[in-house]
Amino acid sequence: MSAKIVVGKREYFKGIARISYEGPTSTNPLAYKYYDEDRKVDGKTLRDHLRFAVCYWHTFCGGGGDPFGPGTRHYAWNESSDPLQQARDKLDAAFEFFSKLNAPFYCFHDRDIAPEGRNPEESERMLKEIVKLAKEKQEASGVRLLWGTANLFSHPRYMNGAATNPDFAVVAHAAAQVKVALEATVELGGANYVFWGGREGYSYLFNTDMKREREHMAMFLRKSAEYGRGIGFKGPYLIEPKPMEPSKHQYDFDSATVIGFLREFGLEKDFKLNVENNHATLAHHSFAHDLQVAADAGMLGSIDANRGDPQNGWDTDQFPILLYDCVEAMLVVLGMGGFTTGGFNFDAKIRRNSTDLEDIFLGHIGGMDAFARALLIASELRKDAVFGRVRRERYASFDKGEGARFERGELGLKELRDIAAKAGEPRLSSGKQELLENIVNQYLR
Ligand code: XLS
Ligand code: NI
Ligand code: NI
């Protein structure tokens with residue numbers, strides 16, 4: 001079902017109506033060219049395949065500030081000098097935006113939707129008030145919560161980490177925040193709960209007990225997971241890997257590191273991964289690589305959809321528009337059978353000099369169209385006889401005979417040596433990379 005448009009006391013996006021599908025030849029910038037939400041691909045609608053979410057932080061909290069200068073966008077919903085009123089206005093603007101864009105989901109940090117108070121009680125009270133209003137908005141619009149999370153990185157108290165802070169008093173504060181953020185997520189029917197540990201890492205090894213910090217992080221995650229289950233949270237907890245920024249050495253470096261960490265501490269049943277394109281590239285992987293690592297472990301929970309800049313070494317969080325990247329991602333997602341609770345969250349922001357109010361619509365339309373188009377292409381590619389066959393056939397020698405016995409663990413080095421001696425030098429077989437690359441390009445239409 002499409003979202004029902006909800007406008008608060010004041011209409012923030014005047015002159016912008018529902019964004020609808022108009023097809024690839026449309027010249028209307030405020031229309032979808034590929035995201036035809038009811039169209040079915042492989043038995044599922046585009047809406048259910050992609051489960052798009054808008055993030056609160058970049059879209060409604062960020063105004064374009066960077067380390068060299070302040071924000072350039074002065075949004076009307078940020079005008080009130082009373083922080084709680086500002087939060088209410090922002091909520092109105094956010095739901096007007098979600099519903100006009102017709103995005104089925106959204107995501108937030110606790111501090112995006114409500115201000116930080118002078119103490120945990122005050123912060124809790126304000127968050128609860130906004131959650132109550134958000135619930136009404138969700139019901140009125142049909143827009144749902146993909147995931148909630150706690151901001152454990154902005155406040156100065158977290159400068160040495162949150163769960164991994166060397167000071168126990170800070171760890172307790174972080175826990176107080178996660179407790180309420182979990183309650184908010186449950187109250188709003190969130191499908192997942194995310195942990196991104198931006199400050200969980202270190203900058204100098206010789207003032208850091210890394211072993212102890214990682215153990216604290218595992219304990220913190222275990223206690224958080226237990227609490228969430230106790231209040232009825234059924235979805236997966238997701239760790240979002242990132243190698244650096246703001247910490248130099250972030251403990252959740254990449255998919256492989258996080259999977260190892262979860263298994264090391266016995267957390268793999270409750271936790272999966274939320275993989276972000278720009279974080280994968282900061283770890284010197286491709287997006288598809290980190291997705292595949294998570295998928296192979298049965299732990300690809302959700303995606304933060306964005307893109308980095310090939311020349312920059314930081315998280316530029318641009319909207320994903322590179323079709324080739326998106327197709328590779330969709331091949332992995334379709335290959336694992338699609339999402340269950342997860343989706344594509346646009347953890348992406350418009351550029352500092354994108355100052356028109358419509359620009360946040362244009363960014364999201366571009367990202368949604370890129371993934372919709374990629375989904376159609378990836379689905380076709382997966383049906384291409386040659387494209388599928390090459391990978392399968394490369395491993396055919398393990399499908400029967402001695403190869404199959406090796407996979408079953410029936411052959412030791414002694415037997416393998418005798419097999420090699422008998423068979424002689426193996427025939428070289430081509431990896432057929434260029435063939436596959438050319439086929440992919442043929443489908444990019
Ligand atoms: C920052 C992260 C962050 C998480 C949510 O780089 O991507 O935005 O997605 O805390
Ligand atoms: Ni990021
Ligand atoms: Ni992210």
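When a ligand or atom number is given, it counts from 1 through the structure's own listing order.
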message: Against Glu226, only a single residue in Lys223, Arg222, Arg229 fulfils salt bridge (charged side-chain N to carboxylate O under 4.0 Å, His left out); can you say which?
response: Lys223
- request: For ligand 1, find out whether one of its N or O atoms is nearer than 3.5 Å to an N or O atom of Asp317.
  value: no
message: Among Phe98, Phe52, Tyr32, Phe97, exactly one meets ring-ring contact (aromatic ring centres under 6.0 Å, His included) together with His364. Which residue is that?
response: Phe97
task: Anything under 30° is parallel, anything over 60° is perpendicular, the rest tilted; go ahead and classify Phe195 against Phe220.
output: perpendicular
- prompt: Side chains of Asn274 and Asn192: closer than 4.5 Å at any heavy-atom pair?
  reply: no
Residue-ligand contact Asp304/ligand 1, heavy atom below 4.0 Å: yes
query: Does an N or O from Thr149, backbone or side chain, lie closer than 3.5 Å to an N or O of ligand 1?
result: no
- prompt: Relative to ligand 1, is Glu276 under 4.0 angstrom through side chain, backbone, both or neither, heavy atoms considered?
  reply: side chain
- request: Enumerate the atoms of ligand 1 whose separation from the nearest heavy atom of His109 is less than 4.0 angstrom.
  value: 5 (C), 10 (O)
Nearest-contact summary for atom 8 (O) of ligand 1 - protein heavy atom, Å: Asp347 OD2, 2.9 Å
query: Among Phe153, Trp147, Trp196, which residue meets the ring-ring contact (aromatic ring centres under 6.0 Å, His included) test with His109?
result: Phe153
message: Between ligand 1 and Trp196, is the shortest N or O to N or O distance under 3.5 Å?
response: no
query: Trp147 to ligand 1: N or O pair under 3.5 Å?
result: no
- request: Have a look at Glu276 and say which of its N, O or S atoms is nearest the Ni ion (ligand 3).
  value: OE1
- line: d(Cys107 SG, Asp347 CG) to nearest 0.5 Å is 8.5 Å
message: Please check whether Lys242 reaches ligand 1 - meaning an N/O of the residue sits under 3.5 Å from an N/O of the ligand, judged on distance alone.
response: yes
message: Any N/O/S atom, side chain or main chain, of Asp317 closer to the Ni ion (ligand 3) than 2.8 Å?
response: no
- request: Considering just N/O/S atoms, say which atom of Asp304 is closest to the Ni ion (ligand 3).
  value: OD2
message: For the residue pair Arg263 and Phe261, would you count it as a cation-pi contact if the rule is NZ or CZ under 6.0 angstrom from the ring centre and within 45 degrees of the ring axis?
response: no
query: Contact between His279 and ligand 1, counting heavy atoms under 4.0 Å?
result: yes
- prompt: Is atom CZ of Arg39 surrounded by more than 12 heavy atoms (other residues, nucleotides or ligands) closer than 6.0 Å?
  reply: no
- request: Provide, to 0.1 Å, the distance between atom 2 (C) of ligand 1 and the closest protein heavy atom, together with that atom's residue and name.
  value: Glu240 OE2, 3.3 Å
message: Taking the ring centre of each residue, are Phe361 and Phe13 less than 6.0 Å apart?
response: yes
- request: Kindly give the atom name of the N, O or S atom of Asp347 closest to the Ni ion (ligand 3).
  value: OD2
- line: Taking the Ni ion (ligand 2) as the apex, NE2 on His279 and OD2 on Asp315 give an angle, to 10°, of 90°
- request: In plain terms, say whether Glu187 and Lys128 are close enough for a salt bridge, that is, a side-chain N and a carboxylate O under 4.0 Å apart.
  value: no
query: By atom name, which N, O or S atom belonging to Glu240 lies closest to the Ni ion (ligand 3)?
result: OE2
message: What I want to check is whether the side chains of Glu183 and Tyr227 have a donor and an acceptor closer together than 3.5 Å.
response: yes
